[in-house]
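Quick caveat, the model's predicted, so the values are computed rather than measured. Proteins get letters first, then strands, A, B, ... in listed order; numbering begins at 1 in each.
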Amino acid sequence: MWKYWCKKIIRLIIVMALISFLSFAVIYFAPGDISSMYITADMSDEQKENILAELGLDKSMPEQYMAWAARAMRGDLGVSLSNKASVWPQIVSRLPATILLMGCSMILSLTLAIPLGLWSGYKKHTWIDNIISSVAYIGMSIPAFWFGMLLIILFSAVLRLLPSSGMHSVGAESAFDTFQHIIMPCITLSIGNVAVYIRYIRSSTIVQLSEEYVLTAEAKGTPKIIILFRHVLKNTLLPIITLMGMNLASLVCGSFIVESVFGWPGIGTFAMGAIGSRDYPVIMAYVMFSGLLLVLGNFAADILYTLVDPRIKRGGTLDEG
Amino acid sequence: MGNLLEVRNLSVSFFTYESTVQAVRDISFDLAPGETTALVGESGCGKSVTSKSIMGLIKKPGKILEGSRIYFKGQCITDFTIKEWERFRGKNCSIIFQDALASLNPTMKIGRQIIEVLNNHDTGLSRDEKVKKAVEMLAMTGIADAAGCLEKYPHELSGGMRQRVMIAMALIGRPELLIADEPTTSLDVTVQAQILEQMKQLQQKLNMAILLVTHDLGIVADAANKIIIMYAGRIVEQGPAREIFYHPVHPYTKALLDSVPRIDRDRTKRLRAIEGNIPDMANPPKGCAFCGRCPEAMNICEEHAPVLRQIEGPHAAACWLNELHTIHGGTDA
């Protein structure tokens, strides 16, 4: 058992080191840096160098990376170069908004996708499956930002039903107010996910329905609907767990695009701003955080698998070939 | 004594884009209550399709053709509605498949899978009574720790145990007909014998008919009362087991018998295999389907298909040799 955990932890450390180095390099080699916020054309060279030294940008890339990594390992993710405040509290303060939005979107996606995918797979190649599948393809192809803007035009500008941006109206703190604000970003975020989930669940359902145990259940006199929900559903959802695990990172770290379109005060908008100003401590903190969640999400999916699928024993081996 | 099952002019075809495969071509046979009938033939001869037809389990692109009739205790089951099928399956008739591992739901405990049969057919039993019945049934199939087995998942059992579970599942509804579709093919020879013996004992206890579908004449020898030999979607010979074993008429039956290893045969002779392959069922030959592989083929065999004709009592064969024989026999008398 401890061997399993050791393996997982070593893997986590390697992944995190690689992610951090690569993203640091990308930021370093990207044109422009945060110093342009402080440096003006009429400054003397000495002044410019002082500013660079102050920001720690005068050193070589490996030196900068090592300095950052040394601090990060002590749990110090540094201060934002643009507002001089600690990075971590800023991220934490934006977490709830993002988790709320993503959580709602996930619930909405699954409640739509599970029955639709199951139905579509069960009725494969009939008109109902064709309709569901075509809608799913459209959903997958629609760019989220564009769809979001269409929603804003329709519901905010024309119909004046829903607020176009933010999480609260000024002065209003009620849950209903937040609910009104969350509707459009939630739908926009979900549309792509629903489509992908439907496709996954559909094909998984088709595979499961062709399995022999379904024939056995039928031969027992089990009604179709019970076969679908008692036998097929659980086996169908197993592969979806992996998908959900991978989505944990995006659940917590948000969507740049949708959060920006709707001005949602979450992590995505925050990181987007940091990228714009090359604020590397913030970007690094964000990348490390999402990398960590991605690994943890996969790990959680593994654990969940062992709980749901009796064939898998912890340690990751199937004991039946 | 009336027949339990009467199959009349059963034809099943599979319609694909390229072709229509005629898996079963106009076969008729009867099953008597309490008896074991073996349906024998090589892979692709239509024996599994026949057994699935009896359970109403033919799936698209397969279709039971117009004019095919199957009667169960006089009732025509080929016109059954979905609801009627649900009542029939597991209660009047059960089926066991070859691959017990694939046939059991991998993520459901054995107990739930067995008890599901009782849930499907309202038995008026309480939950505890159902569990008790499941334990009894499992014990009857020869599983030592029956109560413990209920809590296990299929992958935790051995191949033989899984097949016993399948048998228990098939028999818990006390069907009058059990279809065993290659029930022992995926098992070790020793386990095979145990399972067959167990089925025989259960048959006597529960008084049911068995349709034993197999490609192995060897296991049929002491299990079956009656044997039906199928080739290329047709019945080529049928009759009492003794007749088939001792007085086979059709060259295919003879060839099958020759390909079974026997302890009393001359060891220096090699086991005979049947040369060639079964014909393409999308384009079945005009004459006798076995003609191309038959050592005794005549000109007529290529042009005209022989029909199943009585030889003596219930023994019948579809072969021109037999026709000649009867014609000569007729003139002599």
Salt bridge B/K59-A/E218, side-chain N to carboxylate O under 4.0 Å: yes
Separation between CE (A/M106) and CG (A/L101), nearest 0.5 Å, reads 12.0 Å
Most contact-rich option vs chain A, by heavy-atom pairs under 4.5 angstrom, among B/H121, B/M108, B/M55, is B/M108
Can you tell me which portion of B/K91 sits under 4.5 Å from chain A's heavy atoms? Options are side chain, backbone, both or neither. neither
Is the gap between the ring centers of A/F229 and A/Y122 under 6.0 Å? no
So which part of B/L104 gets closer than 4.5 Å to some heavy atom of chain A, the side chain, the backbone, both or neither? backbone
Contact winner vs chain A - B/V117, B/T107, B/L57, heavy-atom pairs under 4.5 Å: B/T107
Counting heavy-atom pairs under 4.5 Å with chain A, which one of B/K52, B/R87, B/M166, B/M169 comes out on top? B/M169
Minimum-distance pair of heavy atoms, taken over all atoms of B/L138 and B/A168: CD2-CB, 3.7 Å
Side chain, backbone, both or neither of B/R112 within contact of chain A (heavy atoms, under 4.5 Å): side chain
Taking the basic N atoms (NZ, or NE/NH1/NH2) and the acidic carboxylate oxygens, is any pair closer than 4.0 Å for B/K47 and B/E42? no
